[in-house]
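Everything below concerns the one structure shown next.
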There are 2 protein chains.
Amino acid sequence: MEKEKTDKKDHILDVAERVFAEHGFDGASTRLISGEAGVNMAMLNYYFGSKEGLLLAIFERRTTMFHGLIQNIGNTESISSWQKVEMYIEAYINRMFNNNCFQKMLYQELALSRKTEVTDKITQLLMLNITEFRKIIHEGIERGEFGSDLDTDMMIATLFGTKNFLVNTPHVSSLMFGFDMTDQANLDDKLKPRMKNYLTKLLKAYLLHENDNSK
Amino acid sequence: MEKEKTDKKDHILDVAERVFAEHGFDGASTRLISGEAGVNMAMLNYYFGSKEGLLLAIFERRTTMFHGLIQNIGNTESISSWQKVEMYIEAYINRMFNNNCFQKMLYQELALSRKTEVTDKITQLLMLNITEFRKIIHEGIERGEFGSDLDTDMMIATLFGTKNFLVNTPHVSSLMFGFDMTDQANLDDKLKPRMKNYLTKLLKAYLLHENDNSK
DNA sequence: ACTTTTCAATCAATCGTTTGATTAACTTTG
DNA sequence: CAAAGTTAATCAAACGATTGATTGAAAAGT
């Protein structure tokens, strides 16, 4: 039973990811997690050593999945910088909406002051995404395609922050938008295309008309 | 000693607000809070009834302060809609940077699934801000000042989300921007003006050039 | 004299973790 | 192939530590 063991561990990780996202790390007790997963409480420590180890295991699993998905848009030569930005937005949103619970858990952990092994690894992972975006924008500026008075890092904060606000504060955003933001179907069918459309227009306006005072 | 009592309660609220922001509600024990505040643990229950009551008291205090600050930009007739947006951004950022810990605490609470009295009140408070912004944008659209194909609610998510990302994930944003985001002096001197400048340009580009395909 | 505030001590409950026994699965051996 | 032996997985029970909260008495204030 080598296969089933992996399946069971994966199932625990799935459940724990969701429970951590819903209750936060401190608010999610090991009894709650094991109960939701339908396994004995001792199995968590048997498989992952500790609660912290469980968190780390969740992160490691997603990280290896992520690294397989990274596509170096920046190194492509044949397309315009704006097209690269469009591709980045598309890829970013697609990636984010596939790990809803994980993303939520991740930013809850980042909001706390404590520095742990997990916190550092999260930071490193985010910086990968950030570096990729920076490269695209700076190239666009050098090419003269974008204006020169751009705040690249602020754009990243906008990109990441807009998504986080919508997904991580579902009580508010559901009320704003008129549909349940905790329902994955709504996220995929309604929010996702709307976000792509909006963010593309927003960044396009900023990147291409930022120095334009004609109006 | 009527005055000192209020002072001491206020001091506890100050400390608790910070500790909640740093550790989250579940991660902040009553012993830690009382220890940091330099008061006996039993004082928390004596003054606020329970840990939850303490959280509620923190919120109530800020709410009454907020309601005194609300200025109805929307109802002013003599200025352009764009000027109103500029005023809104200015007022929003000024307000946010005065309650750093509170804001952080607030969004940590919103990220959790549990629905409490506090959660509902937070939602109501945010909706006030949202409604005000909506009014300004819709007026601008009706006046023909802005394009008609705007996503107002997404703009709100951008406004709130950009700020949240910068302030609520200090580990990452400090690394991005090269200065310590947990230092209030840096926030006031460096981040605040940069954010105002950026958000103004970003929204201006989106509001005024959104339908422009000349480039 | 009386009320309010403060405190150390303690409460029951819950926390993450460990234990030792039991069961299941696989390997070795006769 | 089947019995014995070995390892891995699972479980109820309990561990010490910490949690939020309460107590009743002492201290301070009026």
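In what follows, chains carry the letters A, B, and so on, assigned in the order in which the sequence lines appear, proteins first and then strands, with residues in each chain numbered from 1.
- Among residues at least two apart or in separate chains, salt bridge (Lys or Arg N to Asp or Glu O under 4.0 Å) pairs with a member in residues 28-40 of chain A are R18(A)-E36(A).
- Using a cut-off of 4.0 Å between Lys/Arg side-chain N and Asp/Glu carboxylate O, K104(B) and E22(B) are scored as not salt-bridged.
- With sequence neighbours left out, the salt bridge (charged side-chain N to carboxylate O under 4.0 Å, His left out) criterion links R62(B) to E17(B).
- Counting to the nearest Å, the C1' atom of dG29(D) and the NZ atom of K8(B) are 13 Å from each other.
- By the salt bridge (charged side-chain N to carboxylate O under 4.0 Å, His left out) test, E86(B) is found to be paired with no residue, residues two or more places apart in sequence or in another chain being considered.
- Sorted by first and then second residue, the ring-ring contact (aromatic ring centres under 6.0 Å, His included) pairs with a member in residues 99-124 of chain B form an empty list; sequence neighbours excluded.
- Per the geometry, CG belonging to L55(A) stands 14 Å off C1' belonging to dG16(C), to the nearest Å.
- Within the structure, every side-chain polar atom (N or O) of Y46(A) is placed at least 4.0 Å from both OP1 and OP2 of dA8(D).
- Put simply, CE on M43(A) is 7 Å from P on dA9(D), counting in whole angstrom units.
- Residue pairs meeting the side chain to side chain donor-acceptor pair (under 3.5 Å) criterion with at least one partner in residues 116-128 of chain A, sequence neighbours excluded, are E60(A)-K121(A), T116(A)-T119(A).
- The nearest whole Å value for the distance from the CG atom in D7(A) to the P atom in dA8(D) is 19 Å.
- In this entry the distance linking CD1 of I33(A) with C1' of dT17(C) reads 14 Å, nearest Å.
- Across the protein-nucleic acid pair, L44(A) atom CG and dT18(C) atom P stand 12 Å apart, rounded to whole Å.
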Checklist entry - What does nucleotides 12-22 of chain D look like as a protein-contact string, B for base, S for sugar-phosphate only, - for none, at under 4.0 angstrom between heavy atoms? => result BBB----BBBB

